[in-house]
Amino acid sequence: PPPRKKEKKEEDEEKKLPSDCSKSGVIRFEVVNSSTLDDKDQFSEEIEVGGVYWRATVLKRARTRIGRKGVHALCVYLYGMVKQSSPWRIDVEAEYILINSDESKHVKFTRTNAFNQNNDNCGGVFLEWKELMDKEKEFIKDDKINVEIRLSITNMRGAKIVPRADFTNPNDPLHDVALVIGGEKIYVNKGYLSLHSPVFHAMFNSGFAEKNKNEIELK
């Protein structure tokens, strides 16, 4: 008999998060010049969780409430940086934490959201601006605030996974040179380095001795 056609549900199951990917991570974001924060996003550094890059953004935003015009609040959002137009979905449980200066009076909220090709962020109002600026609350120190987002991926469909590179593996066929830094070897690709750095491009494509070396010490 002909092979049984896979059901849609079975095809989706095959696109779940690979077992070797980390399913959780923490974004730690120190926001500087917090007293002058405005409605322009300040972005954290990116982290990789589940083969996808994530980052946080913090901004000051006006809220609309009945009888309370011009009330501002600190808003925090989590972004899933999946750059593809085809359908995808990532279910995430995220805990948003505002840490005060002595780490004893945290403010936090938890949300479960579905990220997809039409919605790549979630989050929202964290704390009213007046409360954030209250010196007794001690959320601001040296004009800085500290935010954490602890995220866990519970399900994943269709999103393209960022390929992982193992720079400690000398047998990876893509690596053709070892950089020695502080006595440790990092195995990389000359072509990739040349593409992203004019220094390495000159080193590997001109008359430098390093051009034909398999191991280069960087000082």
So how far is it from [X] [atom1] to [Y] [atom2], rounded to the nearest 0.5 Å?
X: Lys185; Y: Glu215; atom1: NZ; atom2: CD; answer: 3.5 Å
X: Asn155; Y: Asp91; atom1: CG; atom2: CG; answer: 5.0 Å
X: Leu179; Y: Glu217; atom1: CG; atom2: CD; answer: 11.0 Å
X: Glu93; Y: Arg111; atom1: CD; atom2: CZ; answer: 14.0 Å
X: Met203; Y: Ser194; atom1: CE; atom2: OG; answer: 9.5 Å
X: Arg61; Y: Trp129; atom1: CZ; atom2: CH2; answer: 12.5 Å

**Asked** How far apart are the C-alpha atoms of Leu74 and Ile145, what are their side-chain angles, what is the distance that settles it, and do they pass the side chain to side chain contact (heavy atoms under 4.5 Å, CB included) test?
**Response** CA-CA 11 Å; Leu74 175 71; Ile145 57 175; 4.0 Å; yes
Sidechain-backbone polar pair: [X] side chain, [Y] backbone, donor-acceptor under 3.5 Å:
X: Ser206; Y: Ala202; result: yes
X: Asp134; Y: Glu136; result: yes
X: Thr36; Y: Asn33; result: yes
X: Trp54; Y: Val49; result: yes
X: Asn119; Y: Phe115; result: no
X: Lys40; Y: Lys60; result: no
X: Ser44; Y: Ala56; result: yes
X: Glu148; Y: Ile27; result: no
X: Glu128; Y: Glu131; result: no
X: Asp176; Y: Lys190; result: yes

**Message:** Looking at Phe43, I want to see if its CZ is surrounded by more than 12 non-hydrogen atoms of other residues, nucleotides or ligands under 6.0 Å.
**Reply:**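 Result for CZ/Phe43: enclosed.
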**Asked** If you count the non-hydrogen atoms of other residues, nucleotides and ligands that lie under 6.0 Å from CD in Glu184, is the total more than 12?
**Response**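 No.
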**Request:** Go through the steps to decide whether Asn100 and Glu138 satisfy the test side chain to side chain contact (heavy atoms under 4.5 Å, CB included), and finish with yes or no.
**Result:** CA-CA 5 Å; Asn100 75 324; Glu138 298 182 339; 4.2 Å; yes
Work out which heavy atom in [X] is nearest to a heavy atom in [Y]; give both atom names and the distance.
X: Tyr77; Y: Cys75; answer: CE1-CB, 3.7 Å
X: Ile216; Y: Phe204; answer: CD1-CE2, 3.5 Å
X: Phe139; Y: Leu132; answer: CB-CD1, 3.8 Å

[X]-[Y] co-clustered via ILVMFWY side chain contacts under 4.5 Å:
X: Leu59; Y: Tyr96; answer: no
X: Phe167; Y: Phe200; answer: yes
X: Val125; Y: Leu37; answer: no
X: Phe208; Y: Val199; answer: no
X: Tyr79; Y: Leu151; answer: no

**Asked** Would Ser35 and Asp143 count as having a side-chain donor-acceptor pair, cut-off 3.5 Å?
**Response**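 Per modelled atom types, Ser35 and Asp143 side chains form a pair under 3.5 Å.
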Is any side-chain heavy atom of [Y] closer than 4.5 Å to one of [X]?
X: Leu127; Y: Leu98; value: yes
X: Ile99; Y: Val147; value: no
X: Asn169; Y: Tyr187; value: no
X: Ile97; Y: Arg150; value: yes
X: Ile186; Y: Ile181; value: yes
X: Ile90; Y: Ile153; value: yes
X: Val76; Y: Ile149; value: yes
X: Lys144; Y: Val32; value: yes

**Request:** Report the C-alpha distance between Phe126 and Phe109 in whole Å, list the side-chain angles of each, state the deciding distance to 0.1 Å, and finish with yes or no for ring pair (Phe, Tyr, Trp, His ring centres under 6.0 Å).
**Result:** CA-CA 8 Å; Phe126 205 133; Phe109 68 88; 5.2 Å; yes
**Request:** Let me see the working for Arg55 and Glu45 under salt bridge (Lys or Arg N to Asp or Glu O under 4.0 Å), right down to the final yes or no.
**Result:** CA-CA 6 Å; Arg55 65 179 178 178; Glu45 293 185 357; over 6 Å; no
**Request:** Show the numbers, then the answer: is there a side chain to side chain contact (heavy atoms under 4.5 Å, CB included) between Asn146 and Lys141?
**Result:** CA-CA 9 Å; Asn146 288 281; Lys141 184 177 182 180; over 6 Å; no
**Request:** Go through the steps for Ile140 and Met133 under the test side chain to side chain contact (heavy atoms under 4.5 Å, CB included), then give the verdict.
**Result:** CA-CA 7 Å; Ile140 296 181; Met133 293 291 116; 2.9 Å; yes
**Item:** Passing option when Val177 is tested against Val188, Asn214, Asn212, Asn189 for side chain to side chain contact (heavy atoms under 4.5 Å, CB included)
**Value:**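 So, applying the side chain to side chain contact (heavy atoms under 4.5 Å, CB included) to Val177 and each of Val188, Asn214, Asn212, Asn189, only Val188 qualifies.
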